[in-house]
Amino acid sequence: MPLLASITAYALDYMCMPTFWLALIPAVLTTVYIVPYLLDPLGLRTFPGPIFAKFTSGWLPWVISQNRWSAIVDSLHRKDGIFVRLSPNHISIAHPVALPAVYGHSSGALKAPFYDAFASFKTRNMFNTLSRTEHTRKRRIESQIFSQQSVRELEGTARVHHIDLVSQWDKLYSYVKRAESGAAREGFNYWSFDTIGDLAFGDPFGMILAAKDTARSAKSVKASLETFSTSSNTEKLAFETEELPVTKIMGQRGELVAMLGWLPEYVRPIILMMPGFRSNLQAIPKVAGLAVAAVAKRMNNPDARADMLNRLLDAPGAITVANTSCATTYYLARDQRVQAKLQTELDDALKAVDSVVAPHGAIKHLPYLDAVVNEGLRLHSPVGAGLPRVVPEGGMTVLGHTFKEGTWVSVPTYHLHRDENIWGENASEFYPERWIEASGDQKKAMLDAFVPFSIGPRACIGRNLALMQLHIVLATLFHRFNVVLESDDPVRSQAYALYVAGHAAMGIEAVMLRQKEF
Ligand code: HEM
């Protein structure tokens, strides 16, 4: 007994010395990082990749925090080939044949826990649920809403926001002559959010007309949800709301969750307590508050349109459509030849149409407009990063490599969309003609690698709506306006090209509007 007591006393004394704690650091690092690397339970050690990525899942979030996710993964594939290790358990596979294997209907791979970071509530939505059963149930209900037929019927609702957008651009042209910094980009955001707000909740946020990034959000999501559960059907819902800069907040939230998703669950709360992230953390419930306030407003209005889209509380739709329209406008501004060619096609198709907004029926099959939309989605896919899936029981074999159950795999859209082997030497150029000139095998190879909406059971359900919106907004605006870059300076153009490569916000503030001569 005295021996045990003296050992304990000695150990306690030793633990009080700084040398003990210093000695502990390598021991912890070895246990947490080196041992799993050496044991290599998933058999990934031979795959190339950045050294830190092989040891820690913190490397990818760090890259994302620098806003260089897609561009870095692209450059790694260019250097190391088809397979690149992005974290201890995650392999990126840059080849079109991996698409059906990873995302296809018969793949068996489920969404990775990366999507947990997108869940604002305990109940998951169609986008962030990992469960196949829950997803199939939700998707079956909602696929009806997004069918080609239903989307056609929404054109009238969406039209009013196109008119608002045009009237704002008209104002920009006549009063300001030059768009103020950011005005054109914000215009796309406001238009897209107003349209989705109207389609989803029967009420636009009113951002285009206010020319302001603003919407009402429930101040406390918890308190407002309690109001929902305690109110009778006939009672008006009332709770405190506040004005919020919603597009800014959505941007912050997107960046944060994309970064957190790659980290183990236990690390996320620690990161969120760090000073640089605390303000982003506050953004998460605010987005939920926005949806809550919009639904309450809708429920308080018994005359609201009887649509079903209010199920899509967390749809990632508005921001993606705004990004793509904005990016395509930038490319068209940069290349006046392409813009003029598009305008010739539009002028011809719309000459007998007496409407400010291009009717979808008149423009949906225009070959050059189609090619422009595709080219915008190719070069600036709003979802360009590889979406992670977990290899199911029994493993997965891609191009001769078998991955064990539990490995995370993804296919980087950004890289596939710029691969010279598929798109030719001018892969990084905005060249809509490629969609018209390619034939036979070449066209098939392009279509096999073109996945802006992903494929398989988790592919974008809003694809038809997004394509309709993109066609209408581009046809309407380019039939009415010429858009040019403020500066032809090659150094500045280069800077914008880099922005695109980094998937950062576009440098669209450099666009100014000149009204087209009719
Ligand atoms: C240019 C516009 C758009 C692009 C490029 C796009 C792209 C995508 C992609 C790549 C996915 C797969 C995400 C993943 O696997 O993690 C997705 C899913 C989804 N998108 Fe879109 N999207 C667009 C517009 C829209 C719109 C307008 C809506 C609805 C209003 C929408 C609603 C959804 C939903 C609900 C999902 C989840 C589907 C599921 O898991 O079954 N998207 N989108």
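For the single chain, residues carry numbers from 1 onward in sequence order. Counting convention: from 1, in listed order, for ligands and their atoms alike. Quick caveat, the model's predicted, so the values are computed rather than measured.
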So if I count the atoms of ligand 1 from 1 in the order they appear, which ones are less than 4.0 Å from some heavy atom of [X]?
{"X": "Pro382", "answer": "5 (C)"}
{"X": "Ile461", "answer": "34 (C), 35 (C)"}
{"X": "Ala466", "answer": "2 (C), 24 (C)"}
{"X": "Val383", "answer": "7 (C), 10 (C)"}
{"X": "Pro452", "answer": "5 (C), 7 (C), 10 (C)"}
{"X": "Thr324", "answer": "1 (C)"}
{"X": "Lys111", "answer": "14 (C), 15 (O), 16 (O), 40 (O)"}
{"X": "His135", "answer": "39 (C), 40 (O), 41 (O)"}

### Message
As a quick check of understanding, evaluate salt bridge (Lys or Arg N to Asp or Glu O under 4.0 Å) for Glu142 and Arg137, giving each step before the final call.
### Response
CA-CA 9 Å; Glu142 288 174 21; Arg137 188 170 47 76; over 6 Å; no
#### Entry: Member of Arg458, Glu134, Lys111 meeting the side chain to side chain donor-acceptor pair (under 3.5 Å) criterion with Thr129
Glu134
Where on [X] is there a heavy atom closer than 4.0 Å to ligand 1, on the side chain, on the backbone, on both, or on neither?
{"X": "Arg463", "value": "neither"}
{"X": "Arg139", "value": "side chain"}
{"X": "Glu142", "value": "neither"}
{"X": "Ala459", "value": "backbone"}

### Query
Taking only residues two or more places apart in sequence, or in another chain, which ones meet Gln148 in a side-chain hydrogen bond (donor to acceptor under 3.5 Å, both in side chains)?
none
### Message
Looking at Arg463, I want to see if its CZ is surrounded by more than 12 non-hydrogen atoms of other residues, nucleotides or ligands under 6.0 Å.
### Response
no
### Message
Pro432 and side-chain contact (heavy atoms from CB on, under 4.5 Å): which single residue from Val338, Leu332, Thr328 fits?
### Response
Val338
### Query
Does a side-chain N-to-carboxylate-O contact under 4.0 Å join Lys443 and Glu437?
no
### Query
Is any side-chain N of the basic residue among Glu429 and Arg434 closer than 4.0 Å to the acidic one's carboxylate O?
no
#### Entry: Nitrogen or oxygen atoms of Arg458 and ligand 1 under 3.5 Å apart
yes
### Query
Does Arg389, backbone or side chain, put an N or O under 3.5 Å from an N or O of ligand 1?
yes
### Message
Does the residue Tyr115 have a heavy-atom contact with ligand 1, meaning some pair of atoms that are separated by less than 4.0 Å?
### Response
yes
#### Entry: contact_flag Gln469 ligand 1 heavy-atom lt 4.0 Å
no
### Pairs meeting criterion side chain to side chain donor-acceptor pair (under 3.5 Å) with involvement of residues 387-398, two or more places apart
Tyr115-Arg389, Thr397-Thr402
### Task
Give me the ring orientation class for His77 and His415: parallel if the planes are under 30° apart, tilted from 30 to 60°, perpendicular past 60°.
tilted
### Query
Once the angle between the rings of Phe83 and Phe47 is folded into 0 to 90°, is it parallel (under 30°), tilted (30 to 60°) or perpendicular (over 60°)?
tilted
